[in-house]
Protein chains: 2
Amino acid sequence: MYTLIGNPKNRSFRVLWALEELGVPYEIEPEQPQSAGMRAANPSGKAPALRVDDEILIDSVAIVQFLADRHGDLSHAPGSVARAKQDSLLHFALDDFDGSAWTLAKHSFVFPEALRQKDAIRDGVSWDLTRAYAAFQARVGDGPWLSGERFTVADIITVHCAQWLSRASQVPQCEALTQLVERAVARPAYQRADAIRQAA
Amino acid sequence: MYTLIGNPKNRSFRVLWALEELGVPYEIEPEQPQSAGMRAANPSGKAPALRVDDEILIDSVAIVQFLADRHGDLSHAPGSVARAKQDSLLHFALDDFDGSAWTLAKHSFVFPEALRQKDAIRDGVSWDLTRAYAAFQARVGDGPWLSGERFTVADIITVHCAQWLSRASQVPQCEALTQLVERAVARPAYQRADAIRQAA
């Protein structure tokens with residue numbers, strides 16, 4: 001049994017979605033970031049955490065990849081060329097999409113108010129994202145997923161990053177990314193996870 | 001046979017170090033970023049790339065993890081709790097150390113000059129790194145490596161990030177990180193890789 005610790009409205013959703021894709025039993029402890037319960041699981045207070053037997057795992061990407069490898073789904077085999085390509089797309093999403101989303105978040109609500117430079121950083125973020133969308137468009141193949149026929153961890157993380165950018169008013173200007181999100185949100189596992197998120 | 005494509009003075013060093021740790025045969029094509037040869041391997045022009053048989057892999061972290069899993073060293077087993085913890089430390093280094101190093105780089109030489117806001121972002125980066133060093137110090141165990149007795153991909157990436165921060169005049173103010181770097185650079189494989197880097 002897995003216990004997802006964290007509010008499904010934040011990055012915990014990545015883990016929730018993976019659990020629904022895998023069809024494994026789990027329960028949710030809907031802790032808010034920085035709550036006493038969240039800090040008991042992760043001293044930094046960040047969500048999500050996953051309780052596995054008597055161990056606590058943290059970091060949404062590490063947890064989703066752990067679940068994928070443990071259950072032999074959502075991923076190519078470790079050490080294969082296909083996995084290296086899957087991982088390079090995963091890191092592209094983390095570096096280029098999540099990185100920009102985090103920069104916007106830091107200067108909107110994470111940093112103490114005196115350190116926020118939202119106007120100063122805006123054009124740099126836009127320049128970065130424009131290049132990232134072009135690179136993404138050039139890299140993706142015929143689909144339907146980033147790794148071809150197999151839906152993987154890279155798809156989950158990329159789609160979640162695109163959704164976060166949209167919420168930060170940076171709607172992705174990238175046809176390949178928009179199409180990926182449209183296909184992904186039609187998956188039954190996404191729909192189930194999203195219903196849980198909406199109700200949270 | 002592996003062919004490392006890229007100048008060992010940049011992120012290609014991560015792959016070079018891993019190849020030396022694993023003791024596998026390889027050759028180097030010392031392409032500069034954005035050279036015609038580098039763009040032939042990776043259309044974005046970024047280093048490193050790795051040629052494996054007739055395949056080209058990109059992204060330093062994806063390549064190092066690929067090599068580790070392929071040769072059964074420098075990593076815990078995929079799907080294990082130990083691997084999830086290794087991966088969460090790897091992502092910590094990427095999010096919190098590499099992320100800050102990249103922010104400094106973007107505003108120093110990556111962005112077009114008109115978009116650089118080096119003075120505006122400096123205090124935010126310092127605030128971020130101060131928190132990251134405290135979190136890192138609290139997370140690391142008794143060592144000698146991040147995953148205990150086993151030297152892993154997480155150590156290679158964390159040490160390389162720390163060195164890059166030092167070069168960007170952000171010498172890590174974190175005893176645990178300083179000690180990790182000191183132990184790592186004493187490894188024979190690091191020494192061999194560093195000699196190749198110095199001569200490049």
Side-chain angles (χ1 to χ4, degrees), chain A residues 43-44 46 50 52-53 55-63 65-72 75 77-92 94-95 98-99 102-103 106-107 110-112 114-117 119-128 131 134-135 138-139, chain B residues 42-44 46 50 52-53 55-63 65-72 75 77-81 83-92 94-95 98-99 102-103 106-107 110-112 114-117 119-128 131 134-135 138-139:
Chain A
S44 80
K46 291 181 184 170
L50 187 74
V52 186
D53 306 324
E55 297 273 3
I56 297 276
L57 307 181
I58 61 173
D59 186 282
S60 62
V61 181
I63 292 170
Q65 189 63 62
F66 161 82
L67 290 168
D69 284 325
R70 194 161 179 109
H71 294 284
S75 192
S80 68
V81 164
R83 173 66 164 265
K85 292 184 173 182
Q86 170 191 318
D87 279 352
S88 80
L89 285 158
L90 169 68
H91 287 292
F92 182 89
L94 295 174
D95 293 347
D98 213 29
W102 256 117
T103 298
K106 283 172 179 174
H107 290 279
V110 177
F111 283 164
L115 299 181
R116 295 178 200 166
Q117 295 281 348
D119 292 335
I121 56 107
R122 187 178 289 119
D123 289 347
V125 169
S126 294
W127 186 84
D128 238 8
R131 298 222 312 182
R139 277 187 72 172
Chain B
N42 181 3
S44 80
K46 291 181 183 170
L50 187 75
V52 186
D53 306 325
E55 298 273 4
I56 297 276
L57 307 180
I58 61 173
D59 186 282
S60 63
V61 180
I63 293 170
Q65 189 63 62
F66 161 81
L67 290 168
D69 283 325
R70 192 158 179 113
H71 295 283
S75 192
S80 67
V81 164
R83 172 66 164 264
K85 292 184 174 183
Q86 171 190 318
D87 279 352
S88 80
L89 286 157
L90 169 67
H91 287 293
F92 182 89
L94 294 174
D95 293 347
D98 214 30
W102 256 117
T103 298
K106 284 174 178 173
H107 290 278
V110 176
F111 284 165
L115 299 181
R116 296 178 198 164
Q117 295 282 348
D119 292 336
I121 56 107
R122 186 177 291 120
D123 289 348
V125 169
S126 295
W127 186 84
D128 238 7
R131 298 222 312 182
R139 276 186 74 171

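Throughout, a chain's letter reflects where its sequence line sits, starting with A, and its residues are numbered from 1.
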Decide yes or no for [X] and [Y]: does some side-chain heavy atom of the first lie under 4.5 Å from some side-chain heavy atom of the second?
X: A/Arg139; Y: A/Leu89; value: yes
X: A/Leu94; Y: B/Leu94; value: no
X: A/His107; Y: A/Val125; value: no

State the [atom1]-[atom2] distance between [X] and [Y], to the nearest 0.5 angstrom.
X: B/His91; Y: A/Ile63; atom1: NE2; atom2: CD1; value: 10.5 Å
X: A/Arg131; Y: B/Phe111; atom1: CZ; atom2: CZ; value: 9.0 Å
X: B/Leu115; Y: B/Gln117; atom1: CG; atom2: CD; value: 8.0 Å
X: A/Arg70; Y: B/Arg83; atom1: CZ; atom2: CZ; value: 13.5 Å

Under 4.5 Å from a heavy atom of chain B, the part of [X] involved:
X: A/Ser80; value: backbone
X: A/Asp53; value: neither
X: A/Ile56; value: backbone
X: A/Ala135; value: neither
X: A/Pro43; value: neither

Would you check, one step at a time, whether the test side chain to side chain contact (heavy atoms under 4.5 Å, CB included) holds for A/Leu50 with A/Leu67?
-> CA-CA 10 Å; A/Leu50 187 74; A/Leu67 290 168; 4.0 Å; yes
Under a 4.5 Å heavy-atom cut-off, does chain A meet the side chain of [X], its backbone, both or neither?
X: B/Ala138; result: neither
X: B/Arg116; result: neither
X: B/Leu57; result: side chain
X: B/Asp95; result: side chain

Tell me, out of [options], who's got the most heavy-atom pairs with chain A below 4.5 Å.
options: B/Pro78, B/Gly72, B/Ser60; value: B/Pro78
options: B/Ala84, B/Gly99, B/Ala120; value: B/Ala120
options: B/Ala134, B/Pro112, B/Ala114; value: B/Pro112
options: B/Asp87, B/Val81, B/Thr103; value: B/Val81
options: B/Ser44, B/Ala68, B/Ser88; value: B/Ser88

Between A/Phe92, A/Trp102, A/Trp127, the one whose heavy-atom pairs under 4.5 Å with chain B are most numerous =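 Top option by heavy-atom pairs under 4.5 Å: A/Trp127.
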Do the charged groups of A/Lys106 and B/Asp128 touch, with an N to O distance under 4.0 Å?
->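 Answer for the salt bridge query: yes.
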